[in-house]
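The block underneath contains the structure these notes are about, expressed in structure tokens.
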Amino acid sequence: MRPGRVGRVGVIGHPVAKTAVVAKAVTPGPAPVAKAAVVGAAVTPGRRRRRI
Amino acid sequence: MTQTSLDRLGPVDYAVVEFPAGASSFTGEMTNELVALVESGIIRLIDVMILTKDDDGSIEAIELSDVPELGKLEALEAELAELLAADDVVHLAAAMDPGSTAGVLIWENLWAAPFASAARRSGGQLIADGRIPIQAIIASIEADELVTEGV
């Protein structure tokens with residue numbers, strides 16, 4: 001680490017918590033590919049989710 | 001480096017990409033994509049560090065300039081602003097698992113800068129921002145499905 005980084009005021013401010021790993025969140029279940037497709041469809045432009 | 005006016009500064013984000021022990025497979029693909037983002041003017045790379053966390057939790061921070069044979073990253077390295085402080089390294093490494101290596105990236109979202117400037121000139125103030133995790137979208141969709149199925 002460069003000396004210039006030591007003793008300076010930081011920009012992060014607090015310890016960072018680990019986020020859930022996306023690959024692991026999508027992988028479980030019988031049809032991970034289908035689940036990923038559903039997520040993709042949900043964020044497709046012009047596509048609105050409706051409750052039946 | 002070209003000095004960036006505060007008025008025209010875009011939102012600055014960071015990411016910590018962890019590579020668990022033995023799981024990394026560097027083919028240059030990440031470098032190519034990063035260089036493409038910079039060259040297309042979508043982002044400006046502000047700082048990059050490589051962190052390693054030993055099994056005992058001790059942290060080592062490596063500057064990008066200390067990496068031999070940077071290849072395409074060499075030009076980007078010359079433009080870095082060295083924003084992160086030593087305290088930031090400790091804070092960011094808190095998210096890492098022991099035995100892992102992580103790349104830390106800080107970047108300015110150049111694509112958002114004109115809109116952010118326009119919003120400021122219009123009297124707008126940024127009062128909240130954030131990222132929606134994919135997991136939250138999945139959970140939301142699954143909750144909808146449960147309602148639809150009447151569970």
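Protein chains get the first letters and strands the later ones, always in sequence-line order, with residue 1 at the start of each.
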Fill in: Within-4.5 Å side-chain heavy-atom neighbours: B:Tyr14 and B:Ile46
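Of all side-chain heavy-atom pairs linking B:Ile46 with B:Tyr14, none is under 4.5 Å.
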Worksheet entry | Donor-acceptor contact below 3.5 Å, side chain A:Arg8 vs main chain B:Leu83 |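 Side chain of A:Arg8 to backbone of B:Leu83: a pair is present.
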Worksheet item: chain A heavy atoms under 4.5 Å from B:Val89: which part of the residue, side chain, backbone, both or neither?
Response: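 B:Val89 touches chain A through side-chain heavy atoms alone.
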Worksheet entry | Part of B:Glu63 lying under 4.5 Å from any heavy atom of chain A |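 Side chain of B:Glu63 only, per the 4.5 Å heavy-atom cut-off to chain A.
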Discussion item. Under the criterion side-chain contact (heavy atoms from CB on, under 4.5 Å), I'd like the reasoning laid out for B:Leu84 against A:Ile12: C-alpha separation, chi angles, the key distance, then a yes or no.
Written reply: CA-CA 8 Å; B:Leu84 290 173; A:Ile12 303 298; 4.3 Å; yes
Fill in: Option in A:Val6, A:Val11, A:Val9 with maximal non-hydrogen atom pairs under 4.5 Å from chain B
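Result: the option with the highest number of such pairs is A:Val11.
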Item to complete: For chain B, find which of A:Gly10, A:Ala17, A:Pro15 contributes the most heavy-atom pairs closer than 4.5 angstrom.
Response: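 Answer, by heavy-atom pair count under 4.5 Å with chain B: A:Pro15.
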Worksheet entry | Side-chain ion pair, B:Asp97 and A:Lys18, N-O less than 4.0 Å |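 A salt bridge is present here (some side-chain N lies under 4.0 Å from a carboxylate O).
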